[in-house]
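Note that ligands are numbered from 1 as they come in the structure, with each ligand's atoms numbered from 1 the same way.
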Amino acid sequence: MHTAEYLPEQPTEISSILQGGYNHPLLRSWQHERQLTKDMFIFPLFVSDKENEEEPIPSLPNIKRFGVNKLIPYVGGLVKKGLKAVILFGVPLKEGVKDPVGTAADDPNGPVIMAIKALRAAFPELYIMCDVCLCEFTSHGHCGVLYEDGSINTRLSVRRLAAVAVNYAKAGANSVAPSDMVDGRVKAIKQGLVDAGLAHKTFVMSYSAKFSGNLYGPFRDAACSSPGQGDRKCYQLPSGGKGLARRALLRDISEGADGILVKPSTFYLDIVKEASAICQDYPVGCYHVSGEYAMLHAAAEKGVVDLKTIAFEAHYGFLRAGARIIISYFTPEFLEWLDEPVPM
Ligand code: PBG
Ligand code: ZN
């Protein structure tokens, strides 16, 4: 044996020995500052106005659009597995329902209000959140009310969004989450809730740092909410706009938001980290959006990644960046995965 020639010239420094700390699955779990838990997950639900139908969404694997009658048994299965919170998106599919101001958004017989009431009656403990936006309900597919030239009419948009949010809260929603990105809507919503005597029992979760980009495609298929003309770049943030994101976070807090969201997630972890610092006294959430979800599925289908392993890795990233709440299409899977030994 020529052991001597293989010895390093310098002995390894004691401080260089790290593997003692993570050589066992239990140790690896101890290295996590925080663990994923079921109560962090909010599951997005697409509710259509075809009461008895359920329809798969080809670009969003395992996710369906449910009519209100099909929704209850589906959600019941998830509640049994530990589902705590949902966020509702209305999808009007019937002909002639969309108009320039999104009247269908808070139609008492429309999908969102009907779903709030049905879920509230069936699952008294379930935390019901509602996305507040107009794009699913407007004939032009934009998130607010428009001027003739197609630009956002801030005053009318804010007034309409506040009315919708208040009507969701009146119907029994625990939380309203404005995703429209129209300036000033958080304040109007909060004031509307105060005036309606509902502010003390409604959580205003603002999508504050919502970036425009290429990751919302499958959602727009699911919600039929693509703009007819133009894009959302004049209200959603440019992807390099870190300063704008900080200002939007501070603004929404000052306007009365109870919690804030960053969206998308994986490509914006620096913003999640910033948000957890700027909004350290608030629950900070992130939305693992449709495009991110679909990409992981596509990669898994190609055999590039293992779906469960990559999903845990992505969601641990959100925790490290400081998120306390995660809106995720993987929620049904995590409700099962978190009952199994966690991959470590
Ligand atoms: C509505 C809304 C969108 C998403 C959440 N709320 C789409 C958009 O802004 O076009 C995207 C969520 C996802 O992609 O999963 N404004
Ligand atoms: Zn919208």
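The local environment of CD in Gln31 is crowded, with over 12 non-hydrogen atoms from other residues, nucleotides or ligands closer than 6.0 Å.
Taking the six-membered ring where the residue is Trp, Tyr316 and Phe312 present tilted rings, their angle falling between 30° and 60°. By the 30° and 60° cut-offs, the orientation of the rings of Tyr235 relative to His142 is perpendicular.
The pair Arg160-Asp106 meets the salt-bridge criterion, with a side-chain N (NZ, NE, NH1 or NH2) lying under 4.0 Å from an Asp/Glu carboxylate O. Under the 4.0 Å criterion applied to side-chain N and carboxylate O atoms, Lys38 and Asp339 are assigned as salt-bridge partners.
Protein nitrogen, oxygen and sulfur atoms, that is N, O or S, within less than 2.8 Å of the Zn ion (ligand 2) amount to 3.
Taking the six-membered ring where the residue is Trp, the centroids of His297 and Phe330 are separated by under 6.0 Å.
Listed by chain and residue number, Phe89, Phe219 satisfy the ring-ring contact (aromatic ring centres under 6.0 Å, His included) test with Phe46 (two or more places apart in sequence, or in another chain).
The cationic atom of Lys263 (NZ for Lys, CZ for Arg) lies less than 6.0 Å from the six-membered ring centre of Tyr216 and within 45° of the ring axis.
Sorted by chain and number, the heavy-atom contacts of ligand 1 below 4.0 Å come from Phe89, Asp131, Cys133, Cys135, Cys143, Ser179, Lys210, Leu215, Tyr216, Phe219, Arg220, Arg232, Gln236, Lys263, Tyr287, Val289, Ser290, Tyr329.
Applying the ring-ring contact (aromatic ring centres under 6.0 Å, His included) test to every pair with at least one member in residues 156-213, sequence neighbours left out, gives these pairs: Phe211-Tyr268.
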